[in-house]
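So that the names make sense, note that chain A is the first sequence line, chain B the second, and so on, each numbered from 1.
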Amino acid sequence: MTTKIYMDNAATTPVRDEVFDAILPYFKEYYGNASSVYSIAKESKKALEKAREQVAKGIGAKTEEIYFTAGGSESDNMALRGVAEALKTKGNHIITTKIEHHAILHTCEYLEKNGYEVTYLPVDEFGKIRLEELESSIRPETILISVMFANNEIGTIQPVGEIGKIAEKHGILFHTDAVQAVGHVPIHVEEMKIDLLSMSGHKLGGPKGIGAIYIRKGVPVQPLIFGGAQEKKKRAGTENIAGIVGLGKAVELATAEMSVETKRLLHLRDQLISGILEKVPYSRLNGHPTDRLPGNCNISFSYIEGESMLLLLDAIGVAASSGSACTSGSLDPSHVLMAIGLPHGVAHGSLRLTLDRGNTEEDVNFVLKKIPEIVQKLRDMSPLYEEIVNKKA
Amino acid sequence: MTTKIYMDNAATTPVRDEVFDAILPYFKEYYGNASSVYSIAKESKKALEKAREQVAKGIGAKTEEIYFTAGGSESDNMALRGVAEALKTKGNHIITTKIEHHAILHTCEYLEKNGYEVTYLPVDEFGKIRLEELESSIRPETILISVMFANNEIGTIQPVGEIGKIAEKHGILFHTDAVQAVGHVPIHVEEMKIDLLSMSGHKLGGPKGIGAIYIRKGVPVQPLIFGGAQEKKKRAGTENIAGIVGLGKAVELATAEMSVETKRLLHLRDQLISGILEKVPYSRLNGHPTDRLPGNCNISFSYIEGESMLLLLDAIGVAASSGSACTSGSLDPSHVLMAIGLPHGVAHGSLRLTLDRGNTEEDVNFVLKKIPEIVQKLRDMSPLYEEIVNKKA
Amino acid sequence: MEYSEKVMDHFMNPRNVGVIEDASGVGQVGNLKCGDIMKVYLKIENGRIEDAKFKTFGCGAAVATSSMATELVKGKTLQEALEVTNKAVMEALDGLPPVKVHCSCLAEEALHAALWDYAQKNQMEIHGLKAPVEDIDELHQNENED
Ligand SMILES: Cc1ncc(COP(=O)(O)O)c(C=O)c1O
Ligand SMILES: Cc1ncc(COP(=O)(O)O)c(C=O)c1O
Ligand code: FES
Ligand code: FES
């Protein structure tokens with residue numbers, strides 16, 4: 001089978017045509033090392049600084065506050081470990097949430113093994129943190145608050161501006177993992193009082209293996225990768241110019257097109273959500289009904305298991321993802337779905353469809369036609385569903 | 001000016017045509033996330049594992065011993081910090097050399113600030129460590145020996161196989177920064193008793209921003225980037241498939257062509273070296289005369305400064321590099337040139353020309369014709385040269 | 001890091017390279033830290049700088065500032081020559097990259113050293129001129145922080 005309808009854009013996106021065209025010259029023609037003095041290297045240097053400006057503009061930062069990394073995970077690790085190490089004489093407490101990406105959670109676990117204390121805020125049934133709870137967990141030794149901008153599974157958007165205000169009021173640094181948000185929802189680090197922000201190229205039509213971290217001027221961060229003087233000595237390594245150019249272009253395009261594209265996606269997303277909920281009994285929407293990413297649809301179907309759904313979808317050329325334990329390889333269903341209070345069984349039967357610019361109304365209609373059949377086919381095999389049917393009868 | 005003759009291949013190489021062609025489909029067509037279950041993701045997974053095999057083969061490792069990273073710097077940081085943390089209950093002493101790349105040296109400095117002790121071995125006038133000195137600096141608490149395979153500035157190749165034997169004899173792990181060596185000289189991690197090895201794509205015709213670390217099976221390494229389960233949980237982050245495919249292809253090609261290409265480069269390199277030494281008085285070769293990278297020519301010209309040379313070379317379309325303080329931005333001349341005993345002034349006047357597959361005999365002849373003129377022009381401006389001439393007269 | 005067109009012009013075609021055999025004043029200064037050296041020769045007649053020449057061991061910026069500084073002082077009185085500061089030289093060159101600011105100090109100091117040599121030889125005092133130092137880097141320690 002080949003994939004005909006790709007609805008897993010939260011996992012990764014294809015590189016956009018304009019981005020592809022922009023990066024091509026940086027492999028064989030403008031290959032110079034940006035740190036050198038000769039002519040061909042100047043092209044690299046210029047491209048690097050242009051991309052930095054594009055990225056900065058997209059999130060309301062200053063150009064010199066952007067540092068390129070190899071992706072969202074590296075940016076997350078750098079933010080947490082970098083601030084923790086830089087401020088270790090000031091305090092050892094970090095506040096984050098139970099629904100962060102593993103790049104945050106596993107880094108926090110590492111920090112806990114190394115003398116730091118971490119508060120994992122719970123979330124409500126829609127996946128939102130409670131601001132009072134955040135504020136009351138602040139201690140004198142709190143050095144960092146890290147709350148993701150938008151969740152990768154259920155799409156819930158946090159009240160980032162409010163969090164920023166609380167952090168500022170208490171003089172605590174605020175990091176946000178905006179990997180799912182950059183290019184998809186409006187971000188302004190100044191207005192939202194964000195001190196550090198992570199992003200990743202391949203979530204918005206840029207290449208994989210490139211990311212950036214915004215670090216507000218004056219915020220102390222210990223480097224994660226030591227070596228050469230690149231990125232103002234904050235991140236060593238010969239610059240991935242093609243990747244950097246691609247990220248810059250992707251951010252620029254996404255920002256410029258955001259309002260139009262969001263309108264289009266909201267329409268498709270809500271069609272998809274309401275269509276499924278209508279057609280399939282025992283289904284529920286995960287995440288916030290309105291404060292959610294414009295392309296995110298995450299629905300749980302009781303009595304069935306996610307991986308089976310993905311395989312049946314794949315068989316008809318549809319790519320999607322699930323929070324099922326069976327797809328994670330870890331035997332635990334998604335920690336995010338557990339955190340919003342889903343019972344094990346229901347978390348198992350979750351399906352995430354994430355739309356982006358490649359998706360059309362036709363795609364949505366096709367999926368809306370097929371999903372009820374697939375769910376029914378699996379339910380007909382399910383002993384749990386049998387019980388329900390029997391009970392009713 | 002545009003660069004017509006690129007002789008800075010140790011800084012970075014253009015992406016090879018075959019590599020470029022190999023990576024192109026992974027941006028827009030096979031863009032799937034390798035961790036997913038659907039069809040398009042399987043292409044990514046397949047490509048990932050094929051590249052892992054190509055890289056492993058190129059250095060005599062097993063496929064499952066290769067982990068992809070974002071470059072040489074990350075691999076170096078991961079090797080040192082990863083082993084140091086994993087073995088911290090065993091010991092706190094690391095042995096390295098004074099001529100390592102900054103990715104090693106600055107990581108060592110960081111470790112020194114965190115309770116580790118580091119011995120920096122000196123080198124002889126050719127840039128080689130002394131094996132007796134290495135062996136006698138081993139202590140009961142030594143946990144790691146890290147010696148670069150080949151030096152990026154002067155090209156000197158270390159007796160890696162001998163170092164491996166010593167490390168094995170004492171039961172100490174051996175890491176080598178082979179960023180300049182992979183694809184350029186034969187490497188066999190099994191035979192050479194190497195436990196960890198760093199490489200970087202853009203030094204052998206692969207893309208920038210991709211690298212790998214070889215970790216011998218069973219060697220404990222704490223991850224540097226926590227998060228998803230990619231790379232067997234040793235290195236999180238959505239895989240940079242295009243980069244990985246490019247690295248795999250580059251290693252495969254370079255290994256296959258090595259013997260022929262080395263012969264060609266040795267001829268050019270030695271022509272360049274002997275030509276310059278013959279034509280320019282007060283010049284000397286830096287690095288080992290024979291145990292050196294096949295493309296490396298590093299020569300010091302007394303009484304002149306490197307950056308000026310680079311600018312005059314750039315003006316005639318030649319790209320090169322220098323160990324001069326004036327090009328480093330740090331006010332210190334190259335630590336490598338200092339370590340082989342060059343006086344400040346002579347280190348200043350160093351010129352590195354590094355050849356690769358793009359360079360021809362014509363290039364070498366052109367440079368050989370121009371360098372004496374450039375050196376003379378600068379010497380005519382030099383107050384130091386004036387003194388020498390006056391003394392002689 | 002990128003040099004302005006003016007800097008490149010003065011680097012590629014440096015003015016006033018050479019020595020003045022019967023110079024009225026000669027000054028040589030070195031930046032021990034980055035290892036660069038500059039030597040200035042002045043020919044002074046009737047309190048006016050009739051000719052200036054230099055030799056420099058240093059980077060592109062060092063050569064260009066030497067060239068520009070010697071151009072600027074020609075025809076000036078001793079007092080006017082003191083106004084050829086590193087800042088003035090840099091401005092005349094349309095600026096220098098931040099990491100190269102210290103190179104322009106080399107030119108100013110070499111010029112001052114040559115004037116000082118002239119004053120010593122002629123047992124006179126030039127208002128505002130101080131004795132040259134060995135390592136000019138000490139003077140300008142904090143000027144090129146990033
Ligand atoms: C010997 C050596 N080690 C490490 C590196 C770092 O590699 P990268 O710049 O790809 O991170 C380089 C090149 O810059 C190198 O020459
Ligand atoms: C919210 C979030 N954070 C971090 C990451 C990690 O980004 P990357 O895989 O590019 O390292 C992802 C995606 O995988 C994500 O969705
Ligand atoms: S039933 Fe097979 S992994 Fe869950
Ligand atoms: S003279 Fe050394 S940096 Fe200019």
Side-chain angles (χ1 to χ4, degrees), chain A residues 1-3 6 8 11-15 17 20 27-28 31-33 35-41 70-74 76-77 101-103 106-107 109-110 200 202 207-210 224-229 236-243 307 310-311 313-314 317 319-321 327 329-330, chain B residues 1-3 6 8 11-15 17 20 27-28 31-33 35-41 70-74 76-77 101-103 106-107 109-110 200 202 207-210 224-229 236-243 307 310-311 313-314 317 319-321 327 329-330:
Chain A
M1 195 59 221
T2 58
T3 299
Y6 182 72
D8 200 16
T12 194
T13 56
V15 168
D17 291 340
F20 183 73
F27 294 107
K28 300 199 295 185
Y31 55 83
N33 190 317
S35 312
S36 309
V37 302
Y38 40 76
S39 305
I40 196 172
S73 301
E74 186 190 330
D76 282 346
N77 275 255
H101 189 269
H102 284 132
H106 290 331
T107 305
E109 286 160 24
Y110 167 79
S200 188
H202 68 100
K208 295 177 179 52
I210 188 71
L224 186 65
I225 298 177
F226 296 96
T238 302
E239 299 90 342
N240 174 359
I241 304 289
E307 199 208 63
L310 298 189
L311 293 173
L313 282 167
D314 183 44
S321 91
T327 59
S330 82
Chain B
M1 195 59 222
T2 57
T3 299
Y6 181 72
D8 200 16
T12 195
T13 56
V15 169
D17 291 340
F20 184 72
F27 294 107
K28 301 200 293 186
Y31 54 83
N33 190 317
S35 311
S36 308
V37 301
Y38 39 77
S39 305
I40 197 174
S73 300
E74 187 191 327
D76 281 346
N77 276 255
H101 189 268
H102 283 133
H106 290 331
T107 304
E109 285 161 24
Y110 167 78
S200 188
H202 68 101
K208 295 177 179 50
I210 188 71
L224 186 66
I225 298 178
F226 297 96
T238 301
E239 299 90 343
N240 174 0
I241 304 290
E307 196 208 72
L310 298 188
L311 293 171
L313 282 168
D314 183 46
S321 91
T327 58
S330 80

Residue part contacting chain B, namely of A:Ser321, when any heavy atom lies under 4.5 Å: neither

Distance (rounded to the nearest 0.5 Å) between A:Lys208 NZ and B:Tyr31 OH: 9.0 Å

Per-residue contact mode, A:Phe20 against chain B (heavy atom under 4.5 angstrom): side chain

Side chain to side chain contact (heavy atoms under 4.5 Å, CB included) partners of A:Asn240, counting only residues at least two apart: A:Ile210, A:Ala242

A:Ser73 to B:Gly237 - nearest heavy-atom pair and separation: OG-CA, 3.3 Å

Options B:Ile241, B:Asp76, B:Ile225, ranked by heavy-atom pairs under 4.5 Å with chain A, top entry: B:Ile225

Most contacts with chain B, counted as non-hydrogen pairs under 4.5 angstrom, among A:Gly317, A:Ala236, A:Gly243, A:Ala41: A:Ala236

Chain A contact via B:Ala320 - which portion, at a heavy-atom distance below 4.5 Å: backbone

Full working for side-chain contact (heavy atoms from CB on, under 4.5 Å) between B:Thr3 and A:Ser39: CA-CA 6 Å; B:Thr3 299; A:Ser39 305; 3.7 Å; yes

Leading residue by heavy atom contact count with chain B [cutoff under 4.5 Å; candidates A:Leu311, A:Leu313, A:Thr107]: A:Thr107

Minimum heavy-atom distance B:Lys28-A:Asp17, with the two atoms named: NZ-OD1, 2.9 Å

Heavy-atom contact with chain B under 4.5 Å, split by part of A:Thr13: backbone

With sequence neighbours excluded, residues passing side chain to side chain donor-acceptor pair (under 3.5 Å) with A:Tyr38: A:Ser36, B:Asp8

Exam field: side chain A:Asn77 to backbone B:Phe226, donor-acceptor pair closer than 3.5 Å: yes

Under 4.5 Å from a heavy atom of chain A, the part of B:Tyr110 involved: side chain

Greatest number of heavy atom pairs closer than 4.5 Å to chain A - which of B:Pro14, B:Gly72, B:Ala103: B:Pro14

Chain A contact via B:Glu109 - which portion, at a heavy-atom distance below 4.5 Å: neither

